[in-house]
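Working notes, beginning with the structure itself.
Chain identifiers are assigned alphabetically (A, B, ...) following the order of the sequence lines, protein sequences preceding nucleic acid strands; residue numbering begins at 1 within each chain.
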There are 2 protein chains.
Amino acid sequence: MLGAIADSPGISRAGVAARTGLTKATVSSLVDRAIAADLVVDGEPARRDGPGRRGTTLSLSPAGPHGLGVEIGVDYIATCLVDLTGSVASQRIKPVDNRAQPANRVLAKVARAIRTTVTELPAQVGGVGVAVPGLVESATGFLRTAPNLGWRDVDVQAELRDRVDLGDTAIMVGNEANFAALGEMWGGDHGDPGELRDFVHVSGEIGIGAGIVMDGVLFEGVRGFGGEVGHLPVDSKGPQCSCGARGCLEAMAGQDTILRQAGAPDVDALVDRLRGNDRKALAATRSVARWLGTALSTVVNLLDVPTIVLGGTYARIEPWLHDLLLDELTTRVVSATWSQLRILPSTLGTEAAVRGAAASAVRAIVADPDPFITATVAV
Amino acid sequence: MLGAIADSPGISRAGVAARTGLTKATVSSLVDRAIAADLVVDGEPARRDGPGRRGTTLSLSPAGPHGLGVEIGVDYIATCLVDLTGSVASQRIKPVDNRAQPANRVLAKVARAIRTTVTELPAQVGGVGVAVPGLVESATGFLRTAPNLGWRDVDVQAELRDRVDLGDTAIMVGNEANFAALGEMWGGDHGDPGELRDFVHVSGEIGIGAGIVMDGVLFEGVRGFGGEVGHLPVDSKGPQCSCGARGCLEAMAGQDTILRQAGAPDVDALVDRLRGNDRKALAATRSVARWLGTALSTVVNLLDVPTIVLGGTYARIEPWLHDLLLDELTTRVVSATWSQLRILPSTLGTEAAVRGAAASAVRAIVADPDPFITATVAV
DNA sequence: CAGATAAGTTCAGGCATCGAACTATTGATG
DNA sequence: CATCAATAGTTCGATGCCTGAACTTATCTG
């Protein structure tokens with residue numbers, strides 16, 4: 001029910017009723033409870049053109065529970081607090097070389113970051129989202145492997161609970177690419193909120209990760225290891241990859257490969273050269289578009305997702321990727337003949353993952369406020 | 001609730017309660033209603049080892065509503081009736097060259113087949129499933145395209161309703177490969193019923209189709225066009241495909257390609273030659289295993305589905321595909337290091353699709369018996 | 001100001017499910 | 001063989017979520 005308010009802030013009770021199919025009576029009582037729990041606030045009456053009483057504008061309360069997002073990157077720890085409306089209350093990024101340290105050392109740092117953020121916040125923390133660059137079992141939150149951190153089999157949630165007293169606040173651990181996709185859906189600027197509900201978010205950083213969202217819900221596969229696009233085979237004759245196979249997408253279109261082929265030291269330099277129509281840079285980008293297109297056509301053929309959001313490095317070079325990528329996809333995707341594909345650049349860039357982690361925590365409350373409300377009443 | 005009875009026939013009311021989390025009281029009343037509507041029958045008391053009253057064995061009623069499945073193949077129309085338990089009541093296959101005829105001519109034949117089957121049945125028809133070799137929009141049941149039939153934009157459901165009086169009996173139109181997967185799940189012989197809940201069913205016939213089942217539910221993608229594996233790109237240097245792209249799976253591992261490479265006139269001959277260790281046949285099969293493995297590794301990496309069921313032609317040559325395919329998958333699938341993949345041959349073979357279509361119709365009642373029960377009471 | 005229109009509230013009632021007490025059936029034990 | 005513990009199944013009042021319909025409040029229009 002709160003979802004309707006989240007998707008269109010300023011909606012009236014009657015509007016919510018129309019949207020959700022519940023009766024006005026039900027909505028009224030639910031909204032009353034939500035207001036009592038400080039999840040929703042009643043605003044000024046809305047303007048209306050015709051006759052009739054004006055509805056009061058409902059919106060999620062900025063003073064309600066906040067979501068705390070933490071991203072454990074390879075060389076940084078980022079934190080972020082968002083309120084129920086999705087507005088960022090605070091954000092911080094701390095460079096640390098996590099690769100050089102064992103998991104428990106890093107988690108101690110993360111715990112400290114959580115502690116300070118929580119104590120600084122005047123409002124309540126309603127949930128914590130932790131984004132990690134690795135494969136997480138969705139049922140348990142167990143981190144199976146994080147190659148770029150060198151971690152294996154870490155129970156991030158339990159480790160953090162040992163180190164920070166969070167009571168029974170929910171901690172959700174998830175893959176960074178997945179959270180990035182959610183962040184983009186909830187916090188990105190793509191027309192009307194709630195319009196972007198079916199898409200693949202591809203982010204090219206050190207690896208290539210994808211977050212798949214269908215009908216507004218993250219698609220994680222059976223156990224949570226889905227959406228692994230980095231090692232999709234795209235070129236049977238391609239170079240050997242660290243995973244043992246040949247011609248993986250990561251090897252053909254990863255950030256390292258682009259920069260090497262373009263002869264650029266970093267992404268900024270690459271963008272500069274593209275702007276200056278540098279031949280090598282353009283050729284490298286074209287090649288990336290081709291391979292990425294091959295891989296994404298597979299994704300679209302399998303999942304029938306009509307929109308692709310380019311994040312991370314790809315977002316930076318999206319103008320040069322767009323046409324070729326769309327072309328490649330259109331020829332390869334079976335359903336493309338009668339249904340238009342869209343390619344959009346990410347609007348949150350590298351912030352997407354933390355934002356998504358934080359927003360996930362509050363969205364859990366929005367999706368099912370009951371546990372939160374009963375907990376609040378009990379206290 | 002009936003799902004629990006379907007999955008383990010002979011279960012007691014108490015067993016259902018334990019399984020579903022409902023209370024004994026609730027189960028009792030629900031079961032009573034289901035018995036009244038002839039959906040469930042009470043059997044003999046079960047044996048038990050310890051003390052305590054023995055539970056009555058519940059099972060779905062073989063006299064209850066039946067599901068009617070129809071498959072519109074390229075050169076046949078198959079029909080099939082199954083009862084609630086999944087037992088086949090009757091089955092028929094009629095060779096017709098549907099390619100040579102316009103859609104409405106074929107649908108008239110289908111309508112006739114439905115009529116005769118319905119009138120022969122002493123029990124009630126609870127739903128109709130229609131399997132077509134094409135892409136169906138899941139929300140509407142609209143057939144977008146069926147390349148091998150030469151059909152485009154056909155509203156199969158409406159056409160059939162015009163031609164057969166089915167009252168308000170549900171008609172579900174779906175892709176043949178999807179129904180085949182469901183058929184295999186519900187009617188196949190893979191250990192305990194309910195054990196096969198997450199798998200990809202790949203059937204190699206004229207095209208290559210896949211049905212993806214996750215958590216016992218068909219995965220169709222956003223609009224229903226998901227699971228299209230036939231045109232996954234597997235070899236960037238491969239031959240041109242009719243779809244416009246290069247090196248599609250269908251061109252590399254389709255039935256035609258196998259037979260041509262093996263120099264065999266048909267699948268029977270191919271199997272004979274494989275049994276006789278014919279070199280060309282073995283080489284062709286190895287090549288198929290490689291390409292199929294490449295494509296399926298993509299599917300598994302994206303969807304994280306732990307089991308692959310080989311249907312159609314692939315089922316026939318499964319013994320020769322198995323090891324190489326598993327090998328290819330194990331090296332390419334990221335999660336394979338800690339989680340075993342399984343490859344199974346289909347047990348229903350070419351019957352899978354009609355069986356699945358018929359079973360889908362009754363499963364809809366099992367999943368939500370309320371509309372059926374209220375309709376029954378009203379009459 | 002009357003009339004029309006729409007938002008929001010109140011309250012009795014329906015419906016599915018629950019909880020707890022009850023009855024029924026069975027093997028084990030002395 | 002009587003009794004007991006264990007388990008299956010039933011009955012019935014209680015509960016909680018939601019609905020439907022009537023009602024109150026607020027606003028525009030002529």
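Contact annotation for Thr26(A): base contact, defined as any heavy-atom pair under 4.0 Å involving a base atom. When heavy atoms are screened at a 4.0 angstrom cut-off, Ser29(A) is found touching no nucleic acid atom at all. Using a 4.0 Å heavy-atom cutoff across all strands shown, Ser12(B) reaches sugar-phosphate atoms only and no base atom.
For Gly10(B) against Ser59(B), the heavy-atom pair with the smallest separation is N-CB, 4.3 Å. Here the closest non-hydrogen pair linking Ala181(A) and Phe199(A) is O-CZ, 3.3 Å.
Between Leu30(B) atom CG and dG9(D) atom P there is a gap of 14 Å when expressed in whole angstrom units. Note: CG (Leu22(B)) to P (dT15(D)) measures 20 Å, nearest angstrom. Taking atom CG on Asp42(A) and atom P on dA7(C), their separation rounds to 15 Å, with Å as the unit. Atom CD in Glu44(B) sits roughly 18 Å away from atom P in dA8(D) (whole-Å rounding). With rounding to whole Å, Arg13(A) atom CZ is found 19 Å from dT24(D) atom P. For Arg47(B) and dT7(D), the CZ to P distance is 17 Å, given to the nearest whole Å. Atom-to-atom, CD1 of Ile373(A) to P of dG16(D) comes out at 15 Å; the value is rounded to the nearest Å. When the P atom of dA16(C) is taken as reference, atom CG of Asp368(B) falls 12 Å away, rounded to whole Å.
In terms of phosphate contacts, Arg54(A) brings no side-chain nitrogen or oxygen within less than 4.0 Å of OP1 or OP2 of dA26(D).
Glu44(B) and Thr57(B) share no side-chain donor-acceptor pair at under 3.5 Å. Side chains of Ser61(B) and Asp38(B): a donor-acceptor N/O pair is present below 3.5 angstrom, by distance only. A donor-acceptor contact closer than 3.5 angstrom links the side chains of Asp42(B) and Thr56(B).
Of the listed nucleotides (dG19(C), dT27(D), dA16(C)), dT27(D) has the atom at the smallest distance from the side chain of Pro51(A). Side-chain atoms of Lys24(B) lie closest to dA8(D) of the nucleotides dA8(D), dA6(D), dT10(C). For Ala14(A), whose side chain is taken as the heavy atoms from C-beta onward, the closest listed nucleotide among dC28(D), dA6(C), dG8(C) is dG8(C).
For the pair Ser28(B) and Arg48(A), both in contact range of DNA chain D, the more 5′-proximal nearest nucleotide belongs to Ser28(B). DNA chain C is contacted by both Gly52(A) and Gly15(A); Gly52(A) maps to the nucleotide lying nearer its 5′ end (nearest heavy atom per residue).
A donor N or O paired with an acceptor N or O is found under 3.5 Å between the base of dA7(C) and the side-chain atoms of Arg53(A).
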